[in-house]
Amino acid sequence: MTAYVLRRLVGMVPVVIGTTLLIFAAVYALPGDPIKALAGPGRVLSPSVEDALRERFHLDQPLWAQYGHYLSGLVRGDLGIDLQGHEVSALVARAWPYTLQLGLTAWAIMAIVGISLGTYAGMRHGGAVDWVVLTATTVVVGLPYFVIAYVAQIVFGVNLGWFPTSGVREGWPASYLMPATVLALFGIPELVRLTRASIVENRYADYVDTAIAKGLPHRMIVVRHILRNSLVPVVSVLGLSLGYMVSGTVLIEGIFNIPGLGYVVFNGISQQNGPVVVGVCSLLVLVYLFINLLVDIVYGLLDPRISLAGRR
């Protein structure tokens, strides 16, 4: 397993370089002049100040040279300085806890609800419960993201008053349960269907018939034999969903006014603040890659055959 992890870490290097280069090029290919935008609407910077700022942020150099400066800083753990002179790492440090709380809360809700409903429907394959679960997940998939968010705000925040409509003034969990549930709803249908299909497949396996013939308790058969063997493909979805829910919260943070990383990226794009967008997105890429590595390690713990295959 150690050799496998080391190979995966080495394999991440070209992925990190490729993705950060794409992000860097995409951000700096956006129309508009970020230096001129610093002056604000209706104001103009003097040519000497513009030249000094372009030199400071390496904007007077070709794209490959700018990326080289950025990559050398990233290797040292330096995410750079934004166009207002603030360290991007300081912005990340302030915003990261909000995104982490939102993402982990959403992920926990998705895992608990998705696996529970999928297992329940799979063990009652073909019945009324199975049909209701499949219908409900289909309906959720067909609803637009922002519609559910706004309806949740109106119904549960304004009309019923169960949760705050926006902001994080009431802390965790009150301020995070509603946006986290909305975020989790878009991972639950896939997780429910995958868990259900895996449960149905393993439910009729030979080793389950053997366990039943031995007279093992029903709970033990479900948990230790059916559910455990069904979790291998489920872990993949959970791992990828964790990376998404930590890094893909721009819309939810905007609707619910949560000052996390997504909010920082949104402001960076609107202000043409390239260093902020590139720095935060690069960090999220690294987080996503390491989460995938952890998923592969969990694979090996659930099924030793996978770790053995990784050693070859």
Measure across [X] and [Y] and return the closest heavy-atom pair with its distance rounded to 0.1 Å.
X: Ile258; Y: Pro179; answer: CD1-CG, 3.9 Å
X: Leu183; Y: Ala106; answer: CD2-CB, 3.7 Å
X: Val141; Y: Pro189; answer: CG2-CB, 3.5 Å
X: Thr195; Y: Gly114; answer: OG1-O, 4.3 Å
X: Leu191; Y: Leu238; answer: CD2-CD2, 3.7 Å

Taking only residues two or more places apart in sequence, or in another chain, which ones meet Trp131 in a ring-ring contact (aromatic ring centres under 6.0 Å, His included)?
none
May I ask you to decide if His69's main-chain N or O and Ser72's side chain share a donor-acceptor pair within less than 3.5 Å?
yes
N/O donor-acceptor pair under 3.5 Å between Thr99 side chain and Leu261 backbone:
yes
Measuring only between side-chain heavy atoms, which start at C-beta, is Trp162 closer than 4.5 Å to Val155?
no
As a quick check of understanding, evaluate side chain to side chain donor-acceptor pair (under 3.5 Å) for Gln153 and Ser166, giving each step before the final call.
CA-CA 8 Å; Gln153 281 183 319; Ser166 65; 5.6 Å; no
Is it the case that more than 12 heavy atoms not belonging to Tyr263 sit under 6.0 Å from its OH atom?
no
Does Trp172 CH2 have over 12 foreign heavy atoms under 6.0 Å away?
no
Do [X] and [Y] sit in one hydrophobic cluster, given that two such residues count as connected whenever their side-chain heavy atoms are within less than 4.5 Å of each other, even indirectly?
X: Val129; Y: Leu134; answer: no
X: Val277; Y: Leu22; answer: no
X: Tyr150; Y: Phe186; answer: yes

Interatomic distance, CD1@Ile199 vs CG@Leu194, rounded to 0.5 Å, equals 10.0 Å
So if I apply the side-chain contact (heavy atoms from CB on, under 4.5 Å) rule between Ser282 and each of Leu284, Leu286, Val278, which one comes out positive?
Val278
Do the side-chain N and O atoms of Thr20 and Tyr67 include a donor-acceptor pair separated by under 3.5 angstrom?
yes
